[in-house]
Structure formats: structure tokens, C-alpha cells
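See structure below.
Quantities reported herein were computed from a predicted structural model and do not represent experimental measurements.
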Amino acid sequence: QAQLVESGGGLVQAGGSLRLSCAASGGTFSSYAMGWFRQAPGKEREFVAVISRSGGRTAYADSVKGRFSISRDNAKNSVCLQMNSLKAEDTAVYYCAADLRTSSISYSVRSQEYDFWGQGNQVTVSS
């Protein structure tokens, strides 16, 4: 069973950058596609980015494409989300999630398919 711990959130001005990290323990990290989701106050949780088990495939929500970048290091059991050109509408609690996959290249953008979740990390972008 995987346990996920996020770090790196905080307060930043619009246009700035933040890097979120997620450290995994338990289970076999390379067996999971890893995703980032976020939830703003009064809104449903939404997909942000995902990376396949091998790291060879990624996908992003249209709202963050070109600004955010997801990466993983299977040797260090970690996944990161680099967030640049942040906007006020990026303000949310960000969650790291793990999706057990038999395929090394497939992934899902649906939160229901993820098996394990981190505790969430607040990102606040001031305008």
C-alpha cells in the first residue's frame, strides 16, 4: 500500500513559480502512474497532470498546459509538479495520487481510478 506525502506548496505572487514534490513509500513506486489533482474552495476536484509508470507519457489539463510540467524519479520514489506563470485561478489544494497500472504507458485523468492519495498541499497565488 502506497503512502504519499506532498511538499512545496505555499504563497506566491501571480506570475511566479512553485515546485510541488510527492514522496512515496510502501508498494512499488514504478507500478503506479502518478497524477496531480487540485481542488479550489467550492469546486470539485479536478485533474491537473499525470505521468505514466515509465515517465514516457504525460498529459495535462488545458488550463495548465504550457505552464506546468510533471516529472518523476523512480529511483527516488518521487514525482514533482513544476508550476510556472502561476495565476490566481491556480489557487487550490493540490493532491498527489497513485494509480496502480499493469501497463507502463497508460494513465487515467479520472480521479476515481486512483488508488492512493496524499494529504494535500495548499497553493495560494495572489494577484
Walk me through it: do Gln39 and Glu46 pass the test side-chain contact (heavy atoms from CB on, under 4.5 Å)? CA-CA 6 Å; Gln39 187 167 18; Glu46 64 175 2; over 6 Å; no
Are Asp90 and Lys87 ion-paired here, with the side-chain N under 4.0 Å from a carboxylate O? no
Are any of the side-chain heavy atoms of Thr91 and Gln122 separated by less than 4.5 Å? yes
If we ignore hydrogens and angles and just use 3.5 Å, is the side chain of Arg53 paired with the main-chain N or O of Ser30 as donor and acceptor? yes
Would you tell me whether Ser108 and Asp99 have side-chain atoms, one donor and one acceptor, within less than 3.5 Å of each other? no
Nearest-0.5 Å distance that lies between atom CG in Asn77 and atom SG in Cys22: 10.0 Å
Rounded to the nearest 0.5 Å, how far does CD of Gln3 lie from OG of Ser25? 4.5 Å
Quick one: does any side-chain atom of Ser54 pair with a main-chain N or O of Ser104 as donor and acceptor, under 3.5 Å? yes
Taking every heavy atom of Ser111 against every heavy atom of Trp117, the minimum-distance pair comes out as O-CZ2, 3.5 Å
Can you name the residues that form a side chain to side chain contact (heavy atoms under 4.5 Å, CB included) with Ser127, not counting sequence neighbours? Ala88
More than 12 heavy atoms of other groups within 6.0 Å of Lys65 NZ: yes
Which pair of heavy atoms, one from Ala33 and one from Tyr107, lies closest together, and at what distance? CB-CB, 4.3 Å
Interatomic spacing from OG in Ser126 to CD in Gln13 - rounded to 0.5 Å: 5.0 Å
4.5 Å side-chain heavy-atom contact, Cys80 and Arg19: yes
Is the side chain of Arg72 donor-acceptor paired with the backbone N or O of Ser78 at a distance under 3.5 Å, no angle test? no
Test log, rule side-chain contact (heavy atoms from CB on, under 4.5 Å), inputs Gln82 and Ser71: CA-CA 8 Å; Gln82 178 66 41; Ser71 61; over 6 Å; no
Is it true that the side chains of Arg101 and Ser106 contain a donor and an acceptor less than 3.5 Å apart? yes
In the hydrophobic clustering (ILVMFWY, side-chain contacts below 4.5 Å, transitive), which residues join Met83, or is it alone? Leu4, Val12, Leu18, Leu20, Phe29, Tyr32, Met34, Trp36, Val48, Ile51, Tyr60, Val64, Phe68, Ile70, Val79, Leu81, Leu86, Tyr94, Leu100, Phe116, Val123, Val125
Minimal non-hydrogen separation, Gly35 against Tyr114, with atom names: N-CE2, 3.7 Å
Separation of Ile105 CD1 from Arg57 CZ (nearest 0.5 Å): 6.0 Å
